[in-house]
Amino acid sequence: MTFLNDYGFHNHFSHLFDTCSNKGLIPARICSIRGNNFYIITESGEAEAVLTGNILNTREEWELPKVGDWVTVYQTHTQFLITDILSRQNEFTRKMPGKRIQKQVIAANIDTVFIVQGLNRDFNIMRLQRYLQQVAGQGIDAVIVLTKADLVNSPLSYKAHVTDLGYNVPVITINNLTGEGLNEIIAFMDPRKTYVMVGSSGVGKSSLMNVLRQDYSQVVSGISSANHKGRHTTTFRQLTLLPNGSLLIDSPGTREFGLSLENSDSGGSSHPGISELAKHCKFANCRHDSEPECAVKNAVDNDKLSKVVYKSYIKLLKEQEHYEAELHEQRKTQKSQGKISRQVQQLKRKNRN
Ligand SMILES: Nc1nc2c(ncn2[C@@H]2O[C@H](COP(=O)(O)OP(=O)(O)OP(=O)(O)O)[C@@H](O)[C@H]2O)c(=O)[nH]1
Ligand SMILES: [Mg+2]
Ligand SMILES: [Zn+2]
C-alpha cells in the first residue's frame, strides 16, 4: 500500500483495517465532501463515493465521515460505497454554531492545527487563546501562523504578544505574497502528517495553500501574481498532498469557534503555566475562581500571571463547563427516553403473548 502511505495510511490504520474489514472492502481517505458526494483517495487514485443508507440513518452528525477520516469502501459496478469509518485517532472539533449543544468535527486524524490570523485587521489575542484552549484540550499540536506581515510595521511585536499567552506554541509570521516566512512553516511539516488550517475568512489560508502547493524552489523566488486574482472564499474543506509530502486541509473561514471539550480538566491542563501553578492550589479540584489559597490567583496578584490571560482563561473554562453540563443533561434525557420506549415495547410484547 505505498500510495496510501503517502496519504498517512500508517500502521495504526492498516492494522485497524485488517482487523475490522470484510473481504472485498478497500481502505480510503476522505479528501473532500460536497453535499452527498465524498471525494476519496484509494490505492488506485481519486474516486467519488456515497454513504450506505445504513451509515446515513444510524449515526449522529459527528459520527459521519469527515475530511481526514479513513473509511472502508465497497466498490460495485457503478459506484463506491462507504461502509464504515476506521476509529479516529483524534478529532478537531468546535461547538456546532448556533444554540445547539453538539460538537462539529472540522477534521479527523490531525497531527497539527495551523491557527491562522491576519496581522492587519484580524489579529485578536483572545480569539487565539480560544483556539489554543480547544486544540490543546483535544491533544493536538498547534502552530500559530500570522499572515500579512507586509501590512504592519513590526510583525515581531505581535509574535511577542502571542508568546505572552503562555501556551508554548510556535508562532510564525509570513507574507503570502512574497513567500517570506514560508521556510519556517515548511520546517514544521513532515511527510505523511496531516495539517489543518483554521481562522477567519480572508486571513490568507487558501493563499498559503497555494504557495505551499507550488514547488518550494519557486516559492522563495517570489510568488506569481496568478495566485492572487481576486478573492475566492473557500466553501468546502479539501485535503491536499503537498510537494513536500505533507497533507494540508484548507477550510472555509470560521465565524464562531465555540469550545466543545468533554471531560475537561478544571485544573487547567491545557495552559502549561496555569496547570503548573494549579499543583500548588489548596484544593486539588480548584477552579481558580473564588476558592481560598489559590496559587493561580496569587500569581495574578503578584504579577506572575497576566490578568488578561487569566480572566479569559476563566471565561473559557466556564463556557466549557456549560457545554459539558448541557451535554450531560441531553444524554440523560436521551437515555431515559430510550428506557421508556424499551419499557413500552416490552409491555406491548407481553400483552401480545
Ligand atoms: N498583503 C497580503 N495579502 C494577503 C496575504 N495573504 C493573503 N492575502 C490576500 O488576502 C485575501 C484573502 O486571502 P484568502 O487566501 O482567500 O483567504 P482565506 O483565509 O482562504 O479566506 P476564506 O476562504 O474566506 O476563509 C486575498 O486577496 C489574498 O491575496 C499576505 O500575506 N499579505
Ligand atoms: Mg480560503
Ligand atoms: Zn486555584
Side-chain angles (χ1 to χ4, degrees), residues 1 3-22 24-75 79-96 102-114 134-135 138-141 190-198 209 234-242 246-252 254 260-262:
M1 295 258 176
F3 184 60
L4 279 188
N5 287 350
D6 292 345
Y7 276 82
F9 194 61
H10 51 69
N11 284 348
H12 170 85
F13 294 111
S14 60
H15 181 72
L16 270 180
F17 178 75
D18 291 342
T19 48
C20 78
S21 82
N22 296 321
L25 294 178
I26 55 166
R29 192 167 199 191
I30 311 280
C31 293
S32 177
I33 305 168
R34 278 166 259 174
N36 294 327
N37 296 332
F38 290 73
Y39 295 83
I40 57 171
I41 193 90
T42 71
E43 190 55 28
S44 17
E46 290 171 24
E48 220 177 297
V50 291
L51 297 180
T52 58
N54 188 33
I55 290 202
L56 203 55
N57 299 327
T58 57
R59 306 218 175 156
E60 298 263 4
E61 205 282 331
W62 60 268
E63 293 172 309
L64 296 174
K66 301 294 175 209
V67 171
D69 263 323
W70 285 99
V71 293
T72 55
V73 172
Y74 181 72
Q75 187 176 5
Q79 60 181 349
F80 288 90
L81 289 170
I82 298 172
T83 60
D84 209 350
I85 304 186
L86 298 182
S87 133
R88 293 169 180 156
Q89 273 200 314
N90 62 31
E91 291 171 341
F92 174 47
T93 72
R94 65 169 169 174
K95 186 187 135 338
M96 187 79 83
Q102 198 182 36
K103 65 181 171 185
Q104 180 193 45
V105 179
I106 295 173
N109 305 317
I110 297 303
D111 293 290
T112 301
V113 176
F114 288 159
Q134 175 80 356
V135 177
Q138 298 183 323
I140 309 176
D141 287 340
D190 290 315
R192 296 179 293 280
K193 298 266 160 123
T194 306
Y195 303 80
V196 60
M197 295 185 280
V198 283
M209 170 66 96
T234 307
T235 51
F236 52 84
R237 290 179 238 293
Q238 169 85 50
L239 180 146
T240 304
L241 174 59
L242 298 174
S246 301
L247 302 145
L248 181 62
I249 301 172
D250 189 8
S251 45
T254 48
S260 62
L261 299 171
E262 292 172 47

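What you see below is based on every heavy atom in this structure, not just the backbone, and it leaves out hydrogens, waters and symmetry mates.
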**Report entry** Worked check of side chain to side chain contact (heavy atoms under 4.5 Å, CB included) between Gln138 and Val113
**Finding:** CA-CA 11 Å; Gln138 298 183 323; Val113 176; over 6 Å; no
**Report entry** Candidate pair Lys66 and Arg88, rule side chain to side chain contact (heavy atoms under 4.5 Å, CB included), full reasoning
**Finding:** CA-CA 10 Å; Lys66 301 294 175 209; Arg88 293 169 180 156; 3.7 Å; yes
Requested in this report: May I have the step-by-step check of side chain to side chain contact (heavy atoms under 4.5 Å, CB included) for Thr93 and Ile106, ending in yes or no?
Outcome: CA-CA 5 Å; Thr93 72; Ile106 295 173; 5.9 Å; no
Query raised in the report: Under the side chain to side chain contact (heavy atoms under 4.5 Å, CB included) criterion, do Val198 and Phe92 qualify, and how do the steps go?
Result: CA-CA 10 Å; Val198 283; Phe92 174 47; 3.3 Å; yes
Requested in this report: Using the side chain to side chain donor-acceptor pair (under 3.5 Å) rule, take Thr52 and Thr83 through it: C-alpha gap first, then chi angles, then the decisive distance, then the call.
Outcome: CA-CA 6 Å; Thr52 58; Thr83 60; over 6 Å; no
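Residues His10 and Gln89 are in side-chain contact: their nearest non-hydrogen atoms beyond the backbone lie under 4.5 Å apart. Counting only heavy atoms from C-beta outward, the side chains of Trp62 and Gln104 never approach each other to under 4.5 Å. Looking at Val50 and Gln79, their side chains come closer than 4.5 Å, going by heavy atoms from C-beta outward. Counting only heavy atoms from C-beta outward, the side chains of Thr194 and Leu239 approach each other to under 4.5 Å. Within the 4.5 Å cutoff, side-chain heavy atoms of Leu64 are placed close to those of Leu51.
Among the candidates Leu4, Val71, Leu86, the single residue satisfying the side-chain contact (heavy atoms from CB on, under 4.5 Å) test with Phe17 is Leu86. In summary, of the residues considered (Val67, Asn109, Ile140, Ile110), a side-chain contact (heavy atoms from CB on, under 4.5 Å) with Val196 occurs for Ile110 alone. No option in Gln134, Lys103, Arg94 other than Gln134 meets the side chain to side chain donor-acceptor pair (under 3.5 Å) test with Ser260.
Rounded to the nearest 0.5 Å, atoms CG (Asn5) and CD (Glu43) are 7.5 Å apart. Rounded to the nearest 0.5 angstrom, Asn36 CG and Leu56 CG are separated by 7.0 Å. Here the OH atom belonging to Tyr39 is positioned 10.5 Å from the CD atom belonging to Glu46, to the nearest 0.5 angstrom. Residue Leu241 holds its CG atom at 10.5 Å from CZ of Arg192, rounded to the nearest 0.5 Å. Asn54 contributes atom CG, which lies 13.5 Å from atom CD1 of Ile82 (distance to the nearest 0.5 angstrom). The OG atom of Ser32 lies 12.0 Å from the CD1 atom of Ile40; values are rounded to the nearest 0.5 Å.
Without hydrogens or angle criteria, Glu63 side chain to Glu60 main chain gives a donor-acceptor distance under 3.5 Å. Between the side chain of Asp111 and the backbone N or O of Tyr195 there is no donor-acceptor pair closer than 3.5 Å. Side-chain atoms of Asp69 never come within 3.5 Å of backbone atoms of Pro65 as a donor-acceptor pair (strictly under, hydrogens ignored). In this structure, Thr42 contributes its side chain and Ser44 its backbone to a donor-acceptor pair below 3.5 Å. Distance alone, capped at 3.5 Å, is enough to place a donor-acceptor pair between the Ser251 side chain and the Met197 backbone.
Considering every non-hydrogen atom in both Ser87 and Leu16, the closest pair reads O-CD1, 3.6 Å. Closest heavy-atom contact between Ala47 and Phe80: CB-CE1, 3.5 Å. Closest heavy-atom contact between Ala107 and Ile249: CB-CD1, 3.9 Å. Contact detail for Tyr74 and Gly24: the closest heavy-atom pair is CD1-O, 3.9 Å.
More than 12 heavy atoms of other residues, nucleotides or ligands lie within 6.0 Å of CG in Asn57, so this atom counts as buried by the packing criterion. In the displayed structure, His15 atom NE2 is contacted under 6.0 Å by at most 12 heavy atoms of other residues, nucleotides or ligands.
Geometrically, Arg29 does not engage Tyr7 in a cation-pi contact defined by less than 6.0 Å to the ring centre and at most 45° from the axis.
Between Phe13 and Phe9, the angle of the ring planes stays under 30°, which puts this pair in the parallel group of the 30/60° scheme.
A salt bridge links Asp84 with Arg59: the distance from a Lys NZ or Arg NE/NH1/NH2 to an Asp or Glu carboxylate oxygen falls below 4.0 Å.
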